[in-house]
Amino acid sequence: MSDNKRKGFHPLKKMKEVICKIGTLNLILILVGVFFVWFNWQMLCIFREQGMIPETYACAVIAATIGECGICGWIRTNKDRRRERKWEQEEKTAEAGERNEKL
């Protein structure tokens, strides 16, 4: 038997590890980018055949993708702020501990 069969090769486990390294928000942004490229290609194909695109639909999709990216940015900003506040609290606690040791 090969080593992969004995150890139990799990492609889903490998994918999960890769996704965790990338990060959920970055993965969402990558997927939105891929979708947006595909969507634009489809709109170009429709334009070549029909001479126009469904503008209401195109505007709705663009608004939704921009909204999704905005939400991802807002989440990221909040995470960064929370982490910075935590670091500030840890620094204040460490400084207070040092002052108490000097006294």
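One is the number of the first residue; the rest follow in order along the sequence. Everything numeric in this text was worked out from a predicted model, so none of it was measured.
For Ile46 against Ile53, the heavy-atom pair with the smallest separation is CG2-CA, 4.4 Å.
Listed by chain and residue number, nothing satisfies the salt bridge (Lys or Arg N to Asp or Glu O under 4.0 Å) test with Glu49 (two or more places apart in sequence, or in another chain). By the ring pair (Phe, Tyr, Trp, His ring centres under 6.0 Å) test, Trp38 is found to be paired with Phe35, residues two or more places apart in sequence or in another chain being considered. Take Glu17 and apply the side-chain contact (heavy atoms from CB on, under 4.5 Å) test, not counting sequence neighbours, and it matches Lys13, Lys14. Partners of Ile75 under the side-chain contact (heavy atoms from CB on, under 4.5 Å) rule, at least two apart in sequence or in another chain, are Leu25, Ile71, Lys79. Partners of Ile28 according to the side-chain contact (heavy atoms from CB on, under 4.5 Å) rule, which considers only residues two or more places apart in sequence or in another chain, are Thr24, Val32, Glu68, Cys72. For Tyr57, the ring pair (Phe, Tyr, Trp, His ring centres under 6.0 Å) partners two or more places apart in sequence, or in a different chain, are Phe39.
Sorted pairs that involve residues 23-32 and meet salt bridge (charged side-chain N to carboxylate O under 4.0 Å, His left out), not counting sequence neighbours, are lacking altogether. Sorted by first then second residue, the salt bridge (charged side-chain N to carboxylate O under 4.0 Å, His left out) pairs that include residues 81-93, not counting sequence neighbours, are Asp80-Arg83. The stretch residues 25-37 participates, sequence neighbours left out, in no salt bridge (charged side-chain N to carboxylate O under 4.0 Å, His left out) pair at all. The ring-ring contact (aromatic ring centres under 6.0 Å, His included) contacts involving residues 59-91 comprise nothing, where partners must be two or more places apart or lie in separate chains.
Clustering of Ile, Leu, Val, Met, Phe, Trp and Tyr by side-chain heavy atoms under 4.5 Å joins Ile62 with Phe36, Ile66.
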